[in-house]
There are 2 protein chains.
Amino acid sequence: MPTPAPPLAVATAGLGDVLQLFRTEPTLTRADVMALTGLSRSTVNQRLDALLAAALVVPSGEGAPTGGRPASRFAFNSERGVLLVADIGATGMRTALCNLRGEVRQEHEQSLDVATGPDIVLSVVDEAFRALLAEAGRAAADVHGIGIDVPGPVDFDRGQVVSPPIMSGWDRYDIRAWFAGRYDCPVLVDKDVNAMAVGEHRSLYPEVRQLLMVKVGTGVGAGMIIDGEVFRGADGAAGDIGHIQLTVDDTDNEPVCRCGNTGCVEAYAGGWALVRDLNAAGRPVSTVQEALALIRTGDVTAVRLARRAGRILGHAIADAVSLLNPGVVVIGGQLAQIEEQLFAGIREMVYRRSLPLATRKLSIAATALGPRSGLVGMALLLADSIFAAHRVEGLIARRD
Amino acid sequence: MPTPAPPLAVATAGLGDVLQLFRTEPTLTRADVMALTGLSRSTVNQRLDALLAAALVVPSGEGAPTGGRPASRFAFNSERGVLLVADIGATGMRTALCNLRGEVRQEHEQSLDVATGPDIVLSVVDEAFRALLAEAGRAAADVHGIGIDVPGPVDFDRGQVVSPPIMSGWDRYDIRAWFAGRYDCPVLVDKDVNAMAVGEHRSLYPEVRQLLMVKVGTGVGAGMIIDGEVFRGADGAAGDIGHIQLTVDDTDNEPVCRCGNTGCVEAYAGGWALVRDLNAAGRPVSTVQEALALIRTGDVTAVRLARRAGRILGHAIADAVSLLNPGVVVIGGQLAQIEEQLFAGIREMVYRRSLPLATRKLSIAATALGPRSGLVGMALLLADSIFAAHRVEGLIARRD
DNA sequence: CCTATTACGTTCACTCACTAAACGAAAGCC
DNA sequence: GGCTTTCGTTTAGTGAGTGAACGTAATAGG
């Protein structure tokens with residue numbers, strides 16, 4: 001039996017609640033479900049019958065011998081269908097076919113310029129989806145959900161990109177509608193940093209209530225988990241840590257940011273700023289990856305710039321920690337690869353500047369999922385959305 | 001009938017849910033409750049009988065004539081008992097006796113140095129409470145709840161002050177336990193800015209999901225409403241906007257802050273910093289109130305400093321807006337009195353620096369409740385806590 | 001003032017979900 | 001091989017909520 005037994009709330013557990021148990025635990029016996037829900041044996045069987053009939057749950061062998069008749073075990077039917085997920089970045093994308101637990105089964109990576117616009121990009125995404133389906137021997141009808149995350153603000157409820165700074169041609173583009181014509185399933189669209197936050201949260205810190213995920217790539221952005229849920233703000237614009245303003249330069253000539261302002265975090269510590277500064281220092285690099293490679297060689301100027309970026313990020317993260325008081329801060333994005341050079345500065349600034357009360361239990365960690373956090377997170381977000389307790393009844397009804 | 005009829009969730013509405021309706025609407029008929037809950041006439045009567053028996057709801061005259069028999073109306077029994085609330089500031093406090101809706105009935109204001117420590121301060125609070133009770137002709141047994149808000153971080157669940165920067169002698173002091181020995185009712189303790197946020201939110205922007213309340217008094221702090229609820233962070237330390245670091249001075253000599261760091265928002269724009277800077281500029285003032293008075297006279301130096309404070313606050317609020325993307329920002333605290341001089345700078349910076357997506361619908365307003373927002377908010381928070389849907393059954397059981 | 005109208009408030013049998021207890025079945029243990 | 005243990009199923013029973021019928025109270029209109 002998995003956990004002691006926290007009987008559910010006053011209201012009796014419905015089909016959805018029981019399914020949640022199976023999504024949480026690998027396998028359960030009827031007795032487990034009784035203990036976890038507080039429902040009677042008869043009712044548990046009734047629930048199970050419905051879930052089995054809908055193939056949402058399947059038998060999964062027998063339990064360990066206990067001296068008496070062994071209990072039959074059941075498991076969430078993660079192979080009942082598949083999920084398709086695409087993590088679209090500025091210059092590349094990852095696509096994956098996942099099972100219904102949101103676990104990645106097949107994954108594909110390719111370069112792709114998001115600025116070629118939604119028509120081309122989504123066609124490429126769909127090609128990748130079709131290839132993944134073919135490879136897995138699945139039909140489009142097996143697709144239970146599609147999740148797309150993009151490097152820009154999203155109106156989550158509508159599934160549209162809104163006012164993106166770098167995705168030219170995507171403003172108000174209705175991604176959901178595009179897929180709705182091709183697949184008959186829910187389509188979720190979210191900002192990449194939100195998906196990344198979910199990925200790290202669910203995979204490594206499920207018990208943490210507040211998590212801040214900072215992505216330091218070409219630009220700088222953040223996704224937030226608040227009370228265990230993605231926090232998007234009033235317009236889906238929350239987490240814009242990259243354009244917090246700092247003026248910690250010794251001189252007064254603040255760097256100009258891509259956003260038009262000056263002195264933004266991103267204009268000091270974003271990948272593009274690093275490339276700019278390395279070039280200015282006579283180190284010809286043209287991409288963020290080249291800049292990172294140079295830093296790894298130990299080039300003094302490059303390392304100095306990386307450390308400065310760490311301190312700048314630390315300032316911004318300290319501000320965010322002061323405001324949000326999260327339990328964990330996770331750093332991801334390309335620059336998280338130079339952890340050693342970056343983290344000292346980040347930790348230094350956060351612990352120096354934020355209230356001791358807020359930093360006492362705070363942990364600051366590098367991404368554990370690396371470049372896959374967005375993909376993994378989007379899949380989990382999608383699975384959660386599809387099998388949300390209040391939707392389960394509908395799922396079953398639809399099958400009939 | 002108040003609103004069209006949004007039938008409640010799948011689960012049938014319990015006693016608590018019905019009581020919530022009465023707390024929301026001034027009066028309701030049985031037909032209203034039927035429409036609002038979707039419950040049948042029989043069940044509504046059953047619920048009403050229980051609430052009437054417990055005196056949580058009382059008859060409230062008759063409805064408007066409709067051509068037939070007029071329906072009898074019922075209302076939340078806000079006079080069944082009283083709430084006692086104390087808003088403790090650094091140098092003064094407000095106490096109030098409220099009805100069970102959290103509406104202030106009698107209010108008292110007095111000066112009080114919070115640094116004299118919890119024993120003295122709480123004794124003074126209790127004296128004020130006893131006086132309010134006597135004045136209202138109420139006994140201690142009529143007190144249904146006590147709410148205390150203080151100018152420092154609070155462990156909300158435990159009712160204790162934790163690591164307060166300015167409340168010397170209060171660290172880990174168990175405020176709840178102090179009152180538990182004197183009154184037999186729930187005791188809520190919260191940070192003042194949280195109470196202020198609730199006050200403004202519930203009184204003026206109940207439909208807004210995200211609200212940022214910035215208090216600019218002697219120090220600078222913020223309370224946040226996220227998804228309609230107070231957001232406290234992992235350690236109750238969220239909202240520490242006063243110690244976000246800024247270095248927007250033309251020179252490099254950052255002012256030293258009370259917190260030990262340099263360049264904090266508060267060290268530029270807090271009331272204490274304003275007093276310091278006015279003195280340095282040869283304008284002898286000793287209190288924030290005197291500083292504000294000088295600004296109102298139009299003294300050029302004072303006005304210049306006030307405007308600078310506005311811009312500094314604007315920077316910090318822009319950062320907070322970028323991170324949280326709230327629907328409304330409310331400015332309170334003593335410095336909100338010089339709205340004219342302060343707000344131009346605040347608005348200028350927020351609209352210049354935050355994403356258009358985040359500021360498009362953003363409204364930035366001065367407190368409407370003024371110095372009473374903490375008191376009013378604490379009362380509402382307390383009323384909500386006591387009559388939370390899941391506690392109503394317990395309330396009734398306790399009466400028996 | 002009386003009657004028709006209108007909607008209220010109450011009662012009662014019925015439904016439905018869940019429960020509790022009894023029963024038969026299957027597997028390990030001696 | 002019988003005994004014990006636990007499982008899985010079946011049964012009747014309970015309680016909350018429903019819906020329709022009924023009696024009632026107040027207004028509108030003649």
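Labels below follow one simple rule: chain letters A, B, ... track the order of the sequence lines, proteins then strands, and each chain is numbered from 1. What you see is a predicted model; the values in this text were computed from it and never measured.
Applying the 4.0 Å criterion to OP1 and OP2 of D/dT9, one finds that A/Asn45 has a side-chain N or O inside that range. For the pair B/Thr43 and D/dG17, the criterion of a side-chain N or O lying under 4.0 Å from OP1 or OP2 is not met.
Taking each heavy atom of A/Ala195 and A/Met378 in turn, the nearest pair found is CB-N, 3.8 Å.
For A/Leu48 and D/dG8, the CG to P distance is 9 Å, given to the nearest whole Å. Rounded to an integer number of Å, the gap from CG of A/Leu28 to C1' of D/dG8 is 17 Å. Rounded to whole Å, the distance from CE on B/Met34 to C1' on C/dT10 is 13 Å. C/dA17 atom P lies 11 Å from atom CD of A/Glu393, rounded to whole Å. Counting to the nearest Å, the P atom of C/dC18 and the CD atom of A/Gln46 are 6 Å from each other.
A cation-pi arrangement is present between B/Arg232 and B/Phe156 under the rule of less than 6.0 angstrom and at most 45 degrees off the ring axis.
By the side-chain contact (heavy atoms from CB on, under 4.5 Å) test, B/Asn77 pairs with B/Ala55, B/Val58, B/Glu79, B/Arg80, sequence neighbours left out.
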Distances under 3.5 Å between nitrogen or oxygen atoms of protein and nucleotides 22-24 of chain D:
| residue | atom | partner | partner atom | Å |
| --- | --- | --- | --- | --- |
| D/dT24 | O2 | B/Arg69 | NH1 | 3.4 |

Close N or O pairs between protein and nucleotides 1-3 of chain D (under 3.5 Å):
none

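Contact of A/Ser42 with C/dA20 (side chain to base): a donor-acceptor pair of N or O atoms is detected under 3.5 Å. Taking only distance into account, the side chain of B/Ser72 never meets the base of C/dG9 through a donor-acceptor pair shorter than 3.5 Å.
If you take OG1 on A/Thr24 and CZ on A/Arg101, they are separated by 8.5 Å, rounding to the nearest 0.5 Å. Of the inter-residue distances, the one linking A/Phe74 atom CZ with A/Glu25 atom CD reads 15.5 Å to the nearest 0.5 angstrom.
For the pair A/Leu380/A/Cys98, no side-chain contact is recorded, criterion being any heavy-atom separation below 4.5 Å from C-beta on.
A salt bridge is absent between A/Arg47 and A/Asp17: the closest approach of a Lys/Arg side-chain nitrogen to an acidic carboxylate oxygen does not fall below 4.0 angstrom.
For B/Ser40, taking side-chain heavy atoms from C-beta onward, the closest of the listed nucleotides C/dC8, D/dT18, C/dA27 is D/dT18. The side chain of B/Arg47 approaches D/dG17 more closely than any other nucleotide in the set D/dG17, D/dT9, C/dC18.
Remark: side-chain polar atoms of A/His144 are paired, donor with acceptor, to backbone N or O of A/Asp142 under 3.5 angstrom. Using a distance-only test at 3.5 Å, with no hydrogens or angles considered, a donor-acceptor pair links the side chain of A/Arg391 to the main chain of A/Ser385.
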